[in-house]
Amino acid sequence: MKSVPYIFVCSVFLLSAKTPLFVSNIPQAHRVTVEKVTDSYGLSEGPQWDHRTQKLFFVDIYNQYIRRLDPATGVVTSAYVDHGPVSVVVTVSGTTDKLVAGSGKDLILVSWDGEQNEKNVTFKVLTSIEPSSSDTRTNDGKVDLSGRFWLGTMANELNGRTGDWGNAPKLGSLYRINETLQSEKEITPVTISNGLAWNIKDDTFYYIDSPTYQVAAYDYNSNEGTMSNKRIVFDLRKTNMTGIPDGMTIDKSGNLWIAVNGESHVILVNPKTQDLLKMVEIPAVSVTSVAFGGPLLDILYVTTSGYNLTAEERKKTPDAGSVFAVKNLGICGVPGNSFKCNSCD
Ligand code: BGC
Ligand code: CA
C-alpha cells in the first residue's frame, strides 16, 4: 500500500520564463531571501525534511555526523557515527527515534531521537550494500512513495573535494532496498551517484550521475520499483555554466531544483522543455544538495561543503559547510517519505 501523501497548501506563484531568470530580477514583493541557518560544518549533504516532526536532517559526511536542525529554535543537534563516512540519512516509517543511514559500504540503523547531542550514537549494521573488496562507499539516497530506499554508491575519493573529481569512474551503482533489506542494483555502472527525485504521479524518476553533467529521466514503474527508457532532460555542458550537478529535489510543478557543486548556486530546470528557469545564488562555495521543508514545504534548504578548504579559501568563504534556507520562492516541494523496513525496531 502506498503511504498517504502529506496534505499541504502552498502558494502557486511561480515566475515562469523561457530564458534564465536570476533571482535579483524578481520583483520586490517576491524578493527571494537566503539565510544561513546553521554553523559551518564539513561536507554537509543530504538534507531530508521530516514533516512528522518538522525537523531537517542532514549529514556531515567525512566528519561522520548526522545532524538535525529544529528550525523553530535554530538549534542543531548532532550524533557522531563511529562507522566511516555518513553519506545520507532517512527517517523510518512508524518511528521517530530510529534513522537509517548509509555509512561506509553499509546500511545502518541508528537509535537517535535527535533531542540531544550524541558523542557515539548507538547503531547496528543492517546490511552491506557493496562487497568488502570494492573501493567504494555509499552516497546520496532517497525513499520513494512506496517506502523503498534508493541508495547510490561511488568510488572512494582521495580528499572529498569538489572540483577535483579524482575518483575512479564507473565503480558505483544505484540500489533499490526493500522492506526486507534486500538490495538490487537498478542502475549500473555510475561514477558518483547523486540527485534523485520522482514526479508527483510517481511515473518518472530523475537521476544524476554527477560527472556526466546530466540529469536523466526514466519511466518509473512504481509497483515494481523499476525504471526504463532513459533519456537526458538537462545537460550542464549545453549551458555556459560550470560546476557539476549534485543533489536534487522536485517541486509541485514538476520542475527540478539542482545543487551545482563547485559553484555557489542552485538551478531550477524544467525537465519537459529542458529550459533553465532560474538560478539562486548561495553565499558559499560548493552547493551540495537541496530539499524543501517548513510547514508549507515552501522553504528550500540548501547544504554546502566546507570540507578540506585551505585557510585562505576558508577566509573567502566563511559560511561554506552551512545550511541555508531560501524563502519566498513562490513554490513548494513534494513531501519526502520514510523508509518502510520490517526489521528497523
Ligand atoms: C558527493 C559527495 C562527495 C562530494 C565531493 C558530492 O557530490 O555526493 O559524497 O564527497 O561530491 O566530491
Ligand atoms: Ca551529493
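Basis for what follows: all heavy atoms, side chains included, without hydrogens, waters or symmetry-related copies. One-based numbering, in listed order, for ligands and for the atoms of each.
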Applying a 4.0 Å heavy-atom criterion (strictly less than), which segment of D140 is in contact with ligand 1: side chain, backbone, both, or neither?
neither
Give yes if a backbone or side-chain nitrogen or oxygen of S210 is under 3.5 Å from a nitrogen or oxygen of ligand 1, and no if not.
no
Relative to the heavy atoms of I61, which atoms of ligand 1 are at a distance of less than 4.0 Å?
9 (O)
Can you list the atoms of ligand 1 that are under 4.0 Å from a heavy atom of M154?
9 (O)
Checking side chain to side chain contact (heavy atoms under 4.5 Å, CB included) between N139 and each of T153, I192, L174, which is the one that passes?
I192
So the atoms of ligand 1 within less than 4.0 Å of a heavy atom of R137 turn out to be 2 (C), 3 (C), 9 (O), 10 (O)
Greater than 12 external heavy atoms within 6.0 Å of Y213's OH:
no
Using a 4.0 Å heavy-atom cut-off, which part of T288 comes near ligand 1: side chain, backbone, both, or neither?
neither
Atoms of ligand 1 under 4.0 Å from any heavy atom of N261, numbered from 1 in the order shown, are 6 (C), 7 (O), 11 (O)
Hydrogens and angles aside, do R176 and N178 bring a side-chain donor and acceptor to less than 3.5 Å of each other?
no
Polar contact flag, side-chain donor to acceptor under 3.5 angstrom, S210-N194
yes
To the Ca ion (ligand 2), the closest N, O or S atom belonging to D246 is OD1
Heteroatom N/O/S of N194 within less than 3.0 Å of the Ca ion (ligand 2):
yes
Test of understanding: with ring-ring contact (aromatic ring centres under 6.0 Å, His included), list the residues that count as partners of F339, not counting sequence neighbours.
F149
Are T303 and T288 linked by a side-chain donor-acceptor pair shorter than 3.5 Å?
yes
Ligand 1 atoms nearer than 4.0 angstrom to some heavy atom of E157 are 3 (C), 5 (C), 10 (O), 12 (O)
In E45, the N, O or S atom nearest to the Ca ion (ligand 2) is which?
OE2
Heavy-atom check, side chain of V280 versus side chain of V34, under 4.5 Å:
yes
If you measure from the Lys or Arg side-chain nitrogens to the Asp or Glu carboxylate oxygens, is any gap between R231 and D219 under 4.0 Å?
yes
Closer than 4.0 Å to some heavy atom of E45 - which atoms of ligand 1 meet that?
1 (C), 6 (C), 8 (O)
With sequence neighbours excluded, what pairs up with D319 under the salt bridge (charged side-chain N to carboxylate O under 4.0 Å, His left out) test?
K36
Tell me which part of I244 gets within contact of ligand 1: side chain, backbone, both or neither, using heavy atoms under 4.0 Å.
neither
